[in-house]
Amino acid sequence: MAGKAIAARAALGAALAALALAQAYGQSAQGDFVPVTDAEIQNPDPADWLSWRRTLDSWGYSPLDQINRENVGSLRMVWVRPLPPGHQEGTPLVHDGVMYFPGPADVIEAIDAKSGQLLWQYRRQLPEDIGNYLPVYDTNRNLAIYGNNIIGQAADNYLYALDARTGELVWETQIDEYTSGAKISSGPIIADGLAITGRSCEPEGGPDACVIVAHDATTGEEVWRTSTIARGDDPNDASWGGLPLEDRQQVGAWMIASYDPELKLVYMGTSVTAPAPKMSLAGSKYDYLYHNSTLALDVETGEIRWHYQHLVDHWDLDHPFPRMLVDTEQAPDPDAVAWINPDIDRGKTYRVLTGVPGKPGVIYTLDRETGEFLWARPTVHQNLISGIDGTTGRVTLNPENVPSEYGRMHTVCPSPAGGANYPSGAFSPLTGIMYLTANNTCSEMSALDPATNPGVYAMSSRQHIAPGAGDNVGVIHAVSARTGTTAWEFATRPGMQSLMTTGGGLLFAGDAGGWLRAMDQWTGEVLWQVNLGSSITGYPATFAVDGQQYVAVSTGRWLNDTFTPELTHGTQNTLFVFALPQAGIGHAGPYRAPVNSASRISIVDPAQAEGPASPATRSTRDGVYSAAQARAGEALYRQRCAACHGSDFQPAPGSPTVRGGAFMANWRGSSVADLYSYTRTNMPVGMGGSLSDAQYLALVAYMLEVNGYPHGQALDGDEAIMAAIAIE
């Protein structure tokens with residue numbers, strides 16, 4: 001009963017908070033909300049940012065030009081907001097002056113884009129055991145908007161819609177059980193009224209977990225799902241070499257699609273198999289479709305119209321990254337481009353699919369109507385591909401890096417970190433240039449026998465900076481989409497992150513060291529820069545409100561900081577917004593009605609407080625937690641806390657101890673509510689608030705137990721009750 005009471009109080013508090021924020025927003029903006037149509041998504045207002053890369057062609061380009069090469073030097077910060085804890089790689093979505101931001105672990109916030117004031121927040125309640133099934137389950141890269149709804153993905157494998165005006169849940173549709181090893185790590189695009197998502201799929205989910213799915217964006221009803229693993233009557237079933245269906249695993253589509261509304265084709269890339277070395281499957285002579293491929297799917301049916309395989313992969317070198325859709329003449333320069341289709345009609349304008357789709361850092365340009373190979377060239381140093389047949393597009397691998405025995409070491413470039421990875425490049429129609437973000441990496445790798453080595457990919461990896469890169473991990477390659485020639489390069493010590501181009505002739509670029517730069521699209525000259533203190537892990541966006549242009553970018557923790565251990569930047573999840581001086585600073589947001597919740601007791605003078613809220617009412621000596629809570633807390637401590645605080649309670653340098661004299665010196669005289677609040681806010685490090693309330697209660701119970709306090713009745717989650725229990 002106590003657990004149900006806690007849940008009921010938490011639900012009531014969340015409902016009251018959501019209602020208060022919704023009322024405040026409704027008073028100022030609800031009546032003015034303009035529903036978003038397919039036509040607007042396909043050709044958005046320049047003031048808005050309506051999709052992941054603003055437009056469905058994945059350019060990452062905005063025509064806004066108020067901020068330009070002449071005045072960008074006066075750009076300044078106008079507001080900043082903290083973001084929820086977790087793995088932060090979000091993209092702002094902006095419509096009609098309201099920003100919708102996808103925080104980690106399904107925390108969605110609507111923000112007044114001019115002032116930075118929070119309008120509403122939606123916080124999804126995730127299963128307590130989700131971390132047992134899904135690694136890095138909390139990544140949330142983007143949202144979509146359609147009609148009156150904001151459409152998001154859920155870590156527990158749901159698609160759901162929120163009312164954009166209030167944050168209230170409109171519908172949710174389960175795609176699969178999260179326990180099946182599948183998650184949606186990136187949000188949808190909207191293509192002709194359909195919300196289309198791919199997913200990561202863990203080996204335990206088998207082939208059924210590896211799908212691309214379309215839902216009706218209005219109702220949430222599933223329309224089609226397409227397997228990314230060929231099987232059964234699929235014409236490419238034989239590409240798995242007769243491998244049993246249950247052993248066909250891990251071919252995910254964990255990034256975001258592009259869409260051509262004229263051709264009615266959705267383009268999405270796929271990842272590697274598990275195990276990755278093909279000697280651990282049916283052998284290296286098979287293709288294992290559709291791993292590491294571009295898929296062109298019919299938007300109405302999900303049928304695969306054509307596919308192109310970029311690489312038969314042995315080393316976790318995924319190809320799920322954005323495909324840029326560009327209409328341009330094709331005249332690849334043989335001096336710059338390694339592999340060219342001899343039948344290209346030079347001077348003809350092609351509808352091409354181009355960019356760097358995978359970790360090897362190779363540009364592939366294909367005819368997006370037919371899938372025909374046109375040309376390809378490397379950007380960063382790579383030793384995986386020895387050749388590509390220009391006529392067929394068939395890739396030949398470097399035999400030195402095709403594993404044939406377990407334990408043999410191979411030098412593989414790029415490493416599984418990429419080359420390219422989730423940070424996205426950009427295209428500018430002003431220059432006809434693709435700006436491609438990359439990292440100079442290699443790795444010493446060997447295939448491992450999956451029968452005796454646990455792990456998903458059955459391989460070992462020791463990463464380092466690529467030869468010839470000097471000390472620089474990050475690099476931007478500016479490459480003509482027409483000729484394949486390099487216009488310029490920009491190299492830097494930290495790893496490079498996502499890019500954005502604008503009509504003002506600017507390229508905005510972030511890096512893992514915290515630097516945000518505005519660069520000249522034609523020359524690469526740095527025109528303005530600022531260090532934001534933490535890695536720039538989110539995708540930038542620009543928008544306009546009341547005639548003023550703004551630039552938004554977000555920070556967090558980069559997962560590949562091992563390349564640059566001397567860079568001592570932070571890991572804070574923060575959203576920054578910049579504008580020119582004329583935009584002003586300190587704008588007041590819309591009116592919010594005050595909310596005075598009766599469910600919380602405020603004590604102005606604890607010494608004079610009376611009744612059950614008094615800190616002197618009870619003591620931890622009275623047995624205020626249950627043995628079951630302590631056991632649950634012990635398991636959580638071993639799993640989530642021991643790495644810093646010590647399995648034997650001898651903490652790592654800089655981490656406080658949770659047992660003994662130091663703990664008591666810190667907490668004696670405080671209340672259990674104080675300990676609970678601190679733990680919930682700060683633990684695990686950098687991910688405070690990422691566990692459930694029940695889990696934080698269990699951790700508090702375990703800390704009380706290891707410090708000698710007896711167990712008794714269950715610890716109640718009501719903070720007013722906990723405030724009445726003194727730690728003595």
Side-chain angles (χ1 to χ4, degrees), residues 7 10-11 14 52 83-91 93 100-109 121-144 149-162 167 169-189 195-205 208-213 215 220 222 225 250 252-256 271 320 422 456 537-539 554 556-557 559 573 636 639-640 680 684 686-696:
W52 173 51
L83 296 172
H87 296 89
Q88 200 292 114
E89 299 172 14
T91 309
L93 187 153
Y100 305 90
F101 197 90
D106 297 313
V107 179
I108 312 301
E109 294 184 334
Q121 183 188 80
Y122 171 82
R123 184 180 293 268
R124 189 174 181 84
Q125 192 66 40
L126 296 173
E128 293 183 5
D129 63 348
I130 191 169
N132 297 335
Y133 296 93
L134 299 172
V136 198
Y137 67 85
D138 56 350
T139 307
N140 191 1
R141 294 188 176 93
N142 68 296
L143 301 168
N149 294 338
I150 299 297
I151 303 175
Q153 52 86 5
D156 55 346
N157 216 358
Y158 279 77
L159 196 72
Y160 61 89
L162 308 176
L169 186 67
V170 177
W171 55 256
E172 62 177 9
T173 300
Q174 186 177 33
I175 299 171
D176 204 348
E177 295 287 344
Y178 70 92
T179 54
S180 70
K183 65 172 182 176
I184 317 174
S185 58
S186 300
I189 64 162
I196 296 174
T197 56
R199 65 225 349 89
S200 301
C201 46
E202 299 302 309
E204 62 266 27
D208 290 341
C210 302
V211 291
I212 301 167
V213 186
H215 292 81
E222 183 175 315
R225 69 171 58 197
Q250 191 74 24
W254 53 270
M255 287 293 288
I256 300 118
S271 67
Y422 76 85
V456 172
T537 55
Y539 299 87
S554 55
R557 176 175 177 261
L559 298 180
N573 292 348
L636 271 171
Q639 181 185 33
R640 306 296 297 272
R680 184 174 59 177
M687 296 181 66
S690 60
L691 305 180
S692 69
D693 289 351
Q695 288 175 309
Y696 283 115

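Residue numbers start at 1 and run along the sequence shown.
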Problem set entry | Approximate separation, where rounding is to 0.5 Å, of Asp208 CG and Glu177 CD | 13.0 Å
Exercise. Which heavy atom in Asp106 sits nearest to a heavy atom in Ala155, and how many Å separate them?
Worked result: OD2-N, 2.8 Å
Exercise. Does the side chain of Tyr422 reach to within under 4.5 Å of the side chain of Thr537, using non-hydrogen atoms?
Worked result: yes
Problem set entry | Residues which pass side-chain hydrogen bond (donor to acceptor under 3.5 Å, both in side chains) with Thr91, listed by chain and number, not counting sequence neighbours | none
Exercise. Only one of Thr139, Asn140, Asp138 forms a side chain to side chain donor-acceptor pair (under 3.5 Å) with His87, so which one is it?
Worked result: Asp138
For this session: Can you measure from CG (Leu93) to OH (Tyr100) and round to the nearest 0.5 angstrom?
Result: 8.0 Å
For this session: Rounded to the nearest 0.5 Å, what's the gap from CD on Gln695 to CG on Leu636? Could you check?
Result: 5.0 Å
Problem set entry | Pairs meeting criterion salt bridge (charged side-chain N to carboxylate O under 4.0 Å, His left out) with involvement of residues 122-134, two or more places apart | Arg124-Asp156, Arg124-Glu172
Seminar exercise, completed: All heavy atoms of Leu134 vs all of Gly181, minimum pair found to be CD2-C, 3.8 Å
For this session: Check whether any side-chain heavy atom of Leu162 sits under 4.5 Å from a side-chain heavy atom of Leu169, and report yes or no.
Result: yes
Exercise. For the atom pair CG (Asn149) and CG (Leu143), what is the distance rounded to the nearest 0.5 Å?
Worked result: 12.0 Å
Exercise. Taking everything shown except Gln125 itself, do over 12 heavy atoms lie less than 6.0 Å from its CD?
Worked result: no
Problem set entry | Pairwise side-chain contact, Asn573 with Pro84, heavy-atom cut-off 4.5 Å (strictly under) | no
Problem set entry | From OH (Tyr122) to CD1 (Ile150), nearest 0.5 Å | 13.5 Å
Seminar exercise, completed: Ser554 meets the side-chain contact (heavy atoms from CB on, under 4.5 Å) criterion, sequence neighbours left out, with Leu83, Gln88, Phe101, Leu575
Exercise. Under the 3.5 angstrom rule, does the side chain of Asn142 hit a backbone N or O of Gly90 as a donor-acceptor pair?
Worked result: no
Problem set entry | Pairing residues for Asp176 by the side-chain hydrogen bond (donor to acceptor under 3.5 Å, both in side chains) criterion, not counting sequence neighbours | Ser180
Exercise. Mind checking what makes side-chain hydrogen bond (donor to acceptor under 3.5 Å, both in side chains) contact with Trp52, not counting sequence neighbours?
Worked result: none
Cut-off 3.5 Å, no hydrogens considered: what does the side-chain donor-acceptor table look like for residues 195-205, sequence neighbours left out?
residue	atom	partner	partner atom	Å
Arg199	NH1	Thr197	O	3.4
Arg199	NH1	Val211	O	3.1
Ser200	OG	Ser185	OG	3.4

For this session: Would you check if the side chain of Lys183 reaches a backbone N or O of Val136 as a donor-acceptor pair within less than 3.5 Å?
Result: yes
Exercise. Considering only heavy atoms from C-beta outward, does the side chain of Glu222 approach that of Leu159 to under 4.5 Å?
Worked result: no
Seminar exercise, completed: Output for pair (Tyr160 OH, Ile108 CD1), nearest 0.5 Å, gives 4.0 Å
